[in-house]
Amino acid sequence: MTRSRWASLAMIPLLAMGQASPAEPSGARQLELRHLLIQDCGSCHGMTLKGGLGPALRPADLEGKPDELLINTILLGRPGTAMPPWQPLLTHEEVVWLVEQLREGVQHD
Ligand code: HEC
């Protein structure tokens, strides 16, 4: 039965090749992105992100929702709803960073 053992070991390397975490946006760009989050996203999701035309985006609201779902929603929008695609304006790395901010809770100052 050694053959089947080797067959299953052969599956491992592909799964182990995880994605390296993407580079963070620069400090200046982070300020712009925070502004965007409060002004632009806030115009639908509420200035404090507690919901409006779009659903609430506070940390507790996003609990249990996978990063990929949130990232894809922001990049591609939700066709048939008011949620627009941000891919023309934001890179994947920037959206990953925005989702991190949403999960940590955006400071309103
Ligand atoms: C024009 C209004 C509008 C703007 C601007 C907008 N959204 Fe949305 N967003 C929506 C709506 C409406 C939905 C809900 C879509 C649906 O019914 O599934 C949504 C859904 C989402 C979701 C999924 C939430 C969930 O619980 O599944 C995320 C995350 C999100 N928006 C983030 C953003 C971010 C980040 C921005 C700014 C870069 C943004 N949105 C700007 C209207 C908007």
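Because the structure is a prediction, the values reported are computed rather than measured. First listed ligand is number 1; within each ligand, the first listed atom is number 1.
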How long is the straight-line distance from CE of M83 back to CG of L76, given to the nearest 0.5 Å?
9.5 Å
Quick test of your reading of the model: are E32 and R29 salt-bridged, counting only N-O distances below 4.0 Å?
yes
I want to know if ligand 1 touches K65 in the polar sense, i.e. an N/O pair below 3.5 angstrom.
yes
In the protein, N/O/S atoms that are found under 2.8 Å from atom 8 (Fe) of ligand 1, waters not counted:
H45 NE2, M83 SD
Give the residue, atom name and distance (to 0.1 Å) of the protein heavy atom nearest atom 5 (C) of ligand 1.
D40 O, 3.5 Å
Do the side chains of W86 and L75 get nearer than 4.5 Å, heavy atoms only?
no
Pair up each side-chain donor or acceptor in residues 35-42 with any protein partner under 3.5 Å, not counting sequence neighbours, and list the distances.
none

Go through it in stages, so that I can follow the logic: the residues are Q30 and Q101, the test is side chain to side chain donor-acceptor pair (under 3.5 Å), and I'd like the CA-CA distance, side-chain angles, deciding distance and then a yes or no.
CA-CA 10 Å; Q30 290 187 8; Q101 303 311 298; over 6 Å; no
Within ligand 1, which atoms have a heavy atom of L53 less than 4.0 Å away?
12 (C)
Can you tell me how far the CG atom of L98 sits from the CZ atom of R103, to the nearest 0.5 Å?
13.0 Å
Can you report which non-hydrogen protein atom sits closest to atom 15 (C) of ligand 1, along with the distance?
T81 OG1, 3.5 Å
Using a strict cut-off of 4.0 Å, indicate which atoms of ligand 1 neighbour a heavy atom of L70.
29 (C)
Could you tell me which residues satisfy side chain to side chain donor-acceptor pair (under 3.5 Å) with Q87, sequence neighbours excluded, listed by chain and number?
none
Validation: residues 50-61 side-chain donor-acceptor distances under 3.5 Å, sequence neighbours left out:
{"from": "R58", "atom 1": "NE", "to": "D61", "atom 2": "OD2", "distance (Å)": "2.9"}
{"from": "R58", "atom 1": "NH2", "to": "D61", "atom 2": "OD2", "distance (Å)": "3.4"}
{"from": "D61", "atom 1": "OD2", "to": "R58", "atom 2": "N", "distance (Å)": "2.9"}

